[in-house]
Protein chains: 2
Amino acid sequence: MAETTRDRILDAALRAYGTEGFAVTSLDALADQLGIRKQTILYYFPSKHAVFEAVIDAAAIDLATAFEEEASRGLVGLEQVEAIVRRVFRLAVAQPELLGLVREVTRPGSLSADRLATQIAPILDRARDFLEREMDAGHLRRSDPEMLLLSLYSTVVGVATELEVQRAMGLPPTLRGTVARRQELTRFLRAALEPAR
Amino acid sequence: MAETTRDRILDAALRAYGTEGFAVTSLDALADQLGIRKQTILYYFPSKHAVFEAVIDAAAIDLATAFEEEASRGLVGLEQVEAIVRRVFRLAVAQPELLGLVREVTRPGSLSADRLATQIAPILDRARDFLEREMDAGHLRRSDPEMLLLSLYSTVVGVATELEVQRAMGLPPTLRGTVARRQELTRFLRAALEPAR
DNA sequence: AGAACTCTCTACCAATTGGTAGAGAGTTTG
DNA sequence: CAAACTCTCTACCAATTGGTAGAGAGTTCT
């Protein structure tokens with residue numbers, strides 16, 4: 001309990017930046033949500049951009065933790081891939097703002113793209129190694145691990161987060177619909193990754 | 001020749017909104033790029049948001065045209081899918097701001113998502129029909145066409161935007177790298193879509 | 001007790017924002 | 001030629017922005 005003011009600011013900022021976006025969220029708006037004045041925010045962070053960077057750092061830790069949890073189960077081949085997909089979807093439902101922040105940060109004009117990138121790099125390295133190992137072991141179809149990772153990332157995060165696109169396509173944003181989407185995605189990935197028999 | 005002022009504004013706006021984003025691009029900044037005053041912009045468009053909507057409309061036409069060109073070749077099965085993927089990548093290289101705009105518009109909670117959506121809807125319908133038909137004909141592995149479409153969209157746009165992010169971070173997008181990505185993506189799709197033999 | 005420190009606030013500020021009013025130059029129309 | 005219209009501009013404006021200065025209340029240290 002007793003969440004510190006600093007943590008409350010970071011929570012609200014993650015939610016705001018991850019859904020509305022960084023540029024459109026003013027310090028005043030953020031402060032209003034918390035029932036404080038923006039000067040209090042500027043007491044804890046030297047500037048608006050510093051809040052953003054702190055949010056990114058915290059998000060990177062959350063993401064790394066979630067990934068770590070799934071990766072340390074000793075699963076193999078497709079089962080490991082599917083475990084992570086399931087986790088990403090769980091994240092998308094429980095904490096949509098987290099993946100929303102990733103989307104915000106990885107936008108072309110973003111000043112802080114590399115901040116998240118460098119913190120996530122170890123995860124990516126580990127994922128690439130995993131794919132390579134599993135291909136060698138014959139558990140996954142052989143292909144370029146780096147590129148495969150990129151395709152996997154885009155597909156999974158996209159399917160999990162592109163709510164507007166889904167709405168535009170007439171897909172219901174219900175929990176049931178989300179589960180169906182995950183299952184279909186899993187089938188899709190299985191078809192793409194299963195070693196040729 | 002003799003591009004009208006209105007068209008020059010739309011061009012610059014597409015580039016700015018598609019890379020920097022709508023919120024962070026002020027009318028003054030836009031006018032500066034064109035060597036005019038923002039009041040001239042407001043002569044052609046009643047408000048900043050009207051500029052955005054006009055940009056979306058123009059982009060929708062460009063996208064529909066590109067799609068139409070690829071779709072009217074009478075290709076079949078995976079060949080048709082790959083032709084469109086190739087076209088999207090060509091777009092991503094030649095006009096990265098166009099996909100950037102799509103990304104900007106499809107941000108969760110976007111007010112203008114519907115505007116693009118309704119204009120793109122016929123394309124989506126057509127694409128869904130195509131996939132369904134090709135599955136029936138046994139040219140593509142059977143799966144939920146809607147989900148498949150979403151996966152395709154996420155993956156292709158995701159991989160294409162990722163190129164932009166890297167470019168923004170200083171990694172020059174070599175033609176070779178782009179082609180390599182497209183080929184890996186194609187392999188990925190082929191593995192997932194090829195009818196089981 | 002008093003000094004120092006922590007935290008949140010009020011009071012400002014200069015810059016930037018989207019937008020309005022309307023002048024002035026050039027062109028087209030009657 | 002004069003009137004009307006088209007286009008771009010200067011001059012403003014009120015609201016919002018991120019940020020500074022410093023007061024005041026409460027707590028902790030000596």
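Just the heavy atoms: all of them, side chains too, but no hydrogens, waters or symmetry mates, feed the values below. Sequence lines set the chain letters: A, B, ... in the order given, protein chains first and strands last, and positions in each chain run from 1.
With respect to R73(B) and E79(B), no salt bridge is recorded, no charged nitrogen being found less than 4.0 Å from a carboxylate O.
The nucleotide dG22(D) finds its pairing partner in dC9(C), both defining distances of the Watson-Crick or G-U wobble pair being shorter than 3.5 Å.
Of the side-chain N and O atoms in S26(B), none sit less than 4.0 angstrom from OP1 or OP2 of dT16(C). For dC7(D), neither phosphate oxygen OP1 nor OP2 lies less than 4.0 angstrom from any side-chain nitrogen or oxygen of T5(B).
K48(A) meets the salt bridge (charged side-chain N to carboxylate O under 4.0 Å, His left out) test with no other residue; sequence neighbours excluded.
If you chain together hydrophobic residues whose side chains sit under 4.5 Å apart, L149(B) and L189(A) fall into the same group.
The shortest distance between side-chain heavy atoms of F67(A) and L63(A) does not fall below 4.5 Å.
Of the residues in residues 38-50 of chain B, those lying under 4.0 Å from DNA chain D by heavy-atom distance are Q39(B), T40(B), Y43(B), Y44(B).
Separating the CG atom of L27(A) from the C1' atom of dT20(D) is a distance of 14 Å, rounded to the nearest angstrom. For the pair R37(B) CZ and dG19(C) C1', the computed distance is 16 Å after rounding to whole Å. The CD1-C1' distance, from I36(B) to dA25(C), rounds to 17 Å in whole Å. Between D28(B) atom CG and dC9(D) atom P the separation is 12 Å, expressed in whole Å. Rounded to an integer number of Å, the gap from CZ of R6(B) to P of dT6(D) is 15 Å.
Here salt bridge (charged side-chain N to carboxylate O under 4.0 Å, His left out) pairs that include residues 166-179 of chain A, with residues two or more places apart or in two chains, are E164(A)-R167(A), R167(A)-D114(B).
Aromatic ring pairs are classed by plane angle as parallel below 30°, tilted from 30° to 60° and perpendicular above 60°; the pair H49(B) and F22(B) is perpendicular.
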